Amino acid sequence: MTVNQKKFPPCYGDLEAVFPMGPEGLRQSPESCMPCCYKTACLRKAMADRSGITVREEIVDRAYASGMLGFFERWSRKKALSAKKQTG
């Protein structure tokens, strides 16, 4: 599948389309995104939106659950992300 380079595809920047949650509980780009010439810019746009903050919260929670992050560091990061959600 090739994409017209003058017009973005309808899935452009849609986090659930370009970076959905996989069956193992981790997010990954689908194979259908790989041939797209916009894949990097598209994923960046999706992560820059409010839904990208949710993904960052998921990452913080996984790091805390695995012991890579302490309670106060988790609290601090979650508070900063929450503030970003409120203003962004």
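These numbers were taken from a predicted model, which means no experiment stands behind them.
One distance of note links CZ of Phe8 with SG of Cys37; it measures 9.0 Å at 0.5 Å rounding. To the nearest 0.5 angstrom, Leu81 atom CG is 9.5 Å from Ser76 atom OG. If you take NZ on Lys7 and OH on Tyr12, they are separated by 14.5 Å, rounding to the nearest 0.5 Å.
Contact of the Ile59 side chain with the Arg62 side chain is registered, since non-hydrogen atoms from C-beta on lie closer than 4.5 Å. Under the 4.5 Å side-chain criterion, counting only non-hydrogen atoms from C-beta, Pro20 is in contact with Pro30. Counting only heavy atoms from C-beta outward, the side chains of Lys85 and Thr54 approach each other to under 4.5 Å. Residues Arg56 and Arg77 fail the side-chain proximity criterion, which asks for heavy atoms closer than 4.5 Å.
Considering only residues two or more places apart in sequence or on other chains, Lys78 meets the side chain to side chain donor-acceptor pair (under 3.5 Å) condition with Asp61.
For residues 37-47, the set of pairs meeting the salt bridge (Lys or Arg N to Asp or Glu O under 4.0 Å) definition, not counting sequence neighbours, comprises Lys45-Asp49. Within the structure, side chain to side chain donor-acceptor pair (under 3.5 Å) contacts touching residues 18-31 (residues at least two apart or in different chains) are Glu16-Arg27, Arg27-Glu58.
A distance-only check finds no donor-acceptor pair linking the side chain of Ser51 to the backbone of Met47 [under 3.5 Å].
Cluster annotation: Val18 is not connected to Tyr38 through the hydrophobic network of ILVMFWY side chains, with a link wherever side-chain heavy atoms come within less than 4.5 Å. A single hydrophobic cluster is seen to contain both Tyr64 and Phe72, as judged by linkage of ILVMFWY side chains at heavy-atom distances under 4.5 Å, directly or through other members. Cluster membership check: Ile53 does not share its hydrophobic cluster with Leu15, using side-chain heavy-atom separations under 4.5 Å among Ile, Leu, Val, Met, Phe, Trp and Tyr.
Around CE of Met68, the count of heavy atoms belonging to other residues, nucleotides or ligands within 6.0 Å does not exceed 12.
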